[in-house]
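One structure is given below, encoded as structure tokens.
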Amino acid sequence: MPEQNHGVAVLDTRPRPADTRAEVLDGLRRPQKTLPSKYFYDERGSRLFDEITRLPEYYLTRTELDIMTRYVAEMAACLGPRCLLVEYGSGSSLKTRILLDHLPDVAAYVPVDISRAHLEAAAARLAEEYPGLRILPVCADYTASFELPDPGVPFRRVAVYFPGSTIGNFTPEEARAFLERIAGVAGPGGGLLIGVDLRKDPAVIEPAYNDARGVTAAFNRNILVHLNRLLGAGFDPEAFAHHAFFNEAESRVEMHLVSLKDQCVRLDGEAIPIRRGETILTEYSYKYTPEAFATLAESAGFRVERVWTDEARYFSVQYLCVR
């Protein structure tokens, strides 16, 4: 049921704690321990990520914003009038404002984010800035199936907006399945406006995940703080170091937490030993060539209609149509 906060009704379909616990335990039992990157985003994690996007090393956000600003009229034309705009991983909705300024007749805006506090605050700010806009926030894990709210008004088509380079956080197999779900949400005649980071010199990529101020390291360790609070886990965040590098063979950044000592983490009555030097993989960030991403999109039921890039071809924003 929707709950009313800050004058905006929030539909909350977050995963149950039991499901989260099972997912986390499954990852920690693997030979290469993993944690799902979606658990970066509690309220503090969302704030830290917003800070990351403003760092000098983090080329992704400013490059995407430049592309959006330069080509937003063309993007809005692709989305079309009276669309139901659904944003996955809406965060602070910074880039969305650029779109909304060029979509005066959007039927409704549906921001979807797993961090309820961040979602509520962003939706409240948008409601003040765009008083005529119908805003229908959904607190959910967008990597799984979730229910879209009924906008209560007619709309011509569903247009999904997935900015940033979050598609890179999925393995290619996971990305295909995820894009197939989006195609199902968008439906016939629907579309997807998506950010895709492009493959480039690792000397440009790696500093973006190893900033000099250590904000990314704090963001990485915060996943442990979040899981401690969410599940009563026994992680010691200060007993782990941040480590990120570009894996050339796989065309991806890997972000790890490295154990600084032999330790044992307790979760749900289970003791999980972690050796000194052992890592927990917290995130992938795949980098695509335009050709490789087009092949992936086509395998998931989309056709690439437009691709916009910066002059250096560091980043792309792409519009896909459901085939």
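- Between the OH atom in Tyr88 and the CG atom in Leu192 there is a gap of 9.0 Å [rounded to 0.5 Å].
- Below 30°, between 30° and 60°, or above 60°: for Phe162 and Phe170 the angle between ring planes is between 30° and 60°, a tilted geometry.
- When side chains are defined from C-beta on, Tyr314 does not count as touching Leu198, because their heavy atoms never get closer than 4.5 Å.
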* **Residue pair Met68, His102: steps toward the side-chain contact (heavy atoms from CB on, under 4.5 Å) verdict** => CA-CA 11 Å; Met68 292 285 298; His102 289 76; over 6 Å; no

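- Ala208 approaches Thr216 most closely through the heavy-atom pair O-OG1, 4.2 Å.
- For the atom pair Asp236 CG and Leu224 CG, the distance stands at 9.0 Å (nearest 0.5 Å).
- Counting only residues at least two apart or on different chains, the salt bridge (Lys or Arg N to Asp or Glu O under 4.0 Å) pairs with a member in residues 207-220 are Glu51-Arg213.
- Residue pairs that meet the salt bridge (Lys or Arg N to Asp or Glu O under 4.0 Å) test with at least one member in residues 83-98, sequence neighbours left out, are Glu64-Lys95, Arg97-Glu129.
- In this structure, the side chains of Met255 and Asn220 come closer than 4.5 Å at one or more pairs of heavy atoms.
- For the 3.5 Å distance criterion, the side chains of His118 and Glu120 fail to qualify, holding no donor opposite an acceptor.
- Under 3.5 Å, the side chains of Ser259 and Gln263 contain a donor-acceptor pair of N or O atoms.
- Checked by atom type and distance alone, the side chain of Arg62 pairs as donor or acceptor with a backbone atom of Pro56 at under 3.5 Å.
- Every salt bridge (charged side-chain N to carboxylate O under 4.0 Å, His left out) that Arg275 has, sequence neighbours left out, goes to Glu278.
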Using atom types as modelled, flag every donor-acceptor pair under 3.5 Å from a side chain in residues 172-191 to any protein atom, sequence neighbours excluded.
residue	atom	partner	partner atom	Å
Glu173	OE1	Thr171	OG1	3.4
Glu174	OE1	Thr171	N	2.9
Glu174	OE1	Thr171	OG1	3.4
Arg176	NE	Ser299	OG	2.9
Arg181	NE	Thr143	O	3.4
Arg181	NH2	Thr143	O	2.3

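- Once rounded to the nearest 0.5 Å, the distance linking CG of Leu227 with CZ of Arg21 reads 10.5 Å.
- With hydrophobic clusters built from ILVMFWY side chains whose heavy atoms lie under 4.5 angstrom apart, Val258 does not share a cluster with Leu35.
- At least one side-chain heavy atom of Asp66 sits under 4.5 Å from a side-chain heavy atom of Arg70.
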* Residue pair Met75, Val317: steps toward the side-chain contact (heavy atoms from CB on, under 4.5 Å) verdict -> CA-CA 9 Å; Met75 296 173 189; Val317 179; 3.8 Å; yes

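- Panel note: side chain Asn222, backbone Arg44; no donor-acceptor pair is recorded below 3.5 Å.
- In this structure, CD1 on Ile135 lies 8.0 Å from OH on Tyr109, to the nearest 0.5 angstrom.
- Asp26 and Arg30 are joined by a salt bridge, as a carboxylate oxygen and a charged side-chain nitrogen come within less than 4.0 angstrom of each other.
- Distance alone, capped at 3.5 Å, is enough to place a donor-acceptor pair between the Arg323 side chain and the Glu298 backbone.
- Contact of the Phe240 side chain with the Ile280 side chain is registered, since non-hydrogen atoms from C-beta on lie closer than 4.5 Å.
- Side-chain N or O atoms of Thr289 include one that pairs as donor or acceptor with a backbone N or O of Ala292 at under 3.5 Å.
- Looking only at atom types and distance, the side chain of Asn247 has no donor-acceptor partner in the side chain of Tyr286 under 3.5 Å away.
- The environment of CZ in Arg82 is crowded: more than 12 heavy-atom neighbours from other residues, nucleotides or ligands sit within 6.0 Å.
- Under the salt bridge (charged side-chain N to carboxylate O under 4.0 Å, His left out) criterion, Arg313 pairs with no residue, sequence neighbours left out.
- Taking the side chain to side chain contact (heavy atoms under 4.5 Å, CB included) definition, one finds that Thr53 meets it with Phe49, Tyr58, Thr61, sequence neighbours left out.
- Not a single salt bridge (charged side-chain N to carboxylate O under 4.0 Å, His left out) links Glu238 to another residue, sequence neighbours left out.
- The salt bridge (Lys or Arg N to Asp or Glu O under 4.0 Å) pairs that include a residue from residues 199-210 are Asp197-Lys200, Arg199-Glu248, where partners are two or more places apart or lie in different chains.
- One finds the CG atom of Leu65 at 9.5 Å from the CD1 atom of Ile67 (value rounded to the nearest 0.5 Å).
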* Check the pair Thr282 / Thr34 against side-chain contact (heavy atoms from CB on, under 4.5 Å), numbers first and verdict last. => CA-CA 6 Å; Thr282 54; Thr34 64; over 6 Å; no

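- By the side chain to side chain contact (heavy atoms under 4.5 Å, CB included) test, Leu260 is found to be paired with Ala241, residues two or more places apart in sequence or in another chain being considered.
- Residue pairs meeting the salt bridge (Lys or Arg N to Asp or Glu O under 4.0 Å) criterion with at least one partner in residues 220-235, sequence neighbours excluded, are Asp42-Arg229.
- Side-chain contact check for Ile205 versus Tyr59: some heavy-atom pair is nearer than 4.5 Å.
- Other residues, nucleotides and ligands contribute at most 12 non-hydrogen atoms within 6.0 Å of the CD atom of Glu311.
- Put simply, the side chain of Ile274 does not reach to within 4.5 Å of the side chain of Asp262, judged on heavy atoms.
- Under the 3.5 Å distance criterion, the side-chain polar atoms of Asp113 are matched with a main-chain donor or acceptor of Ser115.
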* **ring pair (Phe, Tyr, Trp, His ring centres under 6.0 Å) evaluation trace for Tyr41 with Phe219** => CA-CA 9 Å; Tyr41 298 101; Phe219 173 73; 5.7 Å; yes

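- The line from CG of Leu119 to CD of Glu43 is 11.5 Å long, rounded to the nearest 0.5 Å.
- Taking the salt bridge (charged side-chain N to carboxylate O under 4.0 Å, His left out) definition, one finds that Glu74 meets it with Arg306, sequence neighbours left out.
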* Should Ser37 and Tyr39 be marked as a side-chain contact (heavy atoms from CB on, under 4.5 Å) after you check the CA-CA gap, both sets of side-chain angles, and the distance that decides it? -> CA-CA 5 Å; Ser37 59; Tyr39 295 114; over 6 Å; no

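- By the side-chain hydrogen bond (donor to acceptor under 3.5 Å, both in side chains) test, Ser285 pairs with Tyr209, Lys287, sequence neighbours left out.
- Considering only heavy atoms from C-beta on, Leu99 comes within 4.5 Å of Leu193 through its side chain.
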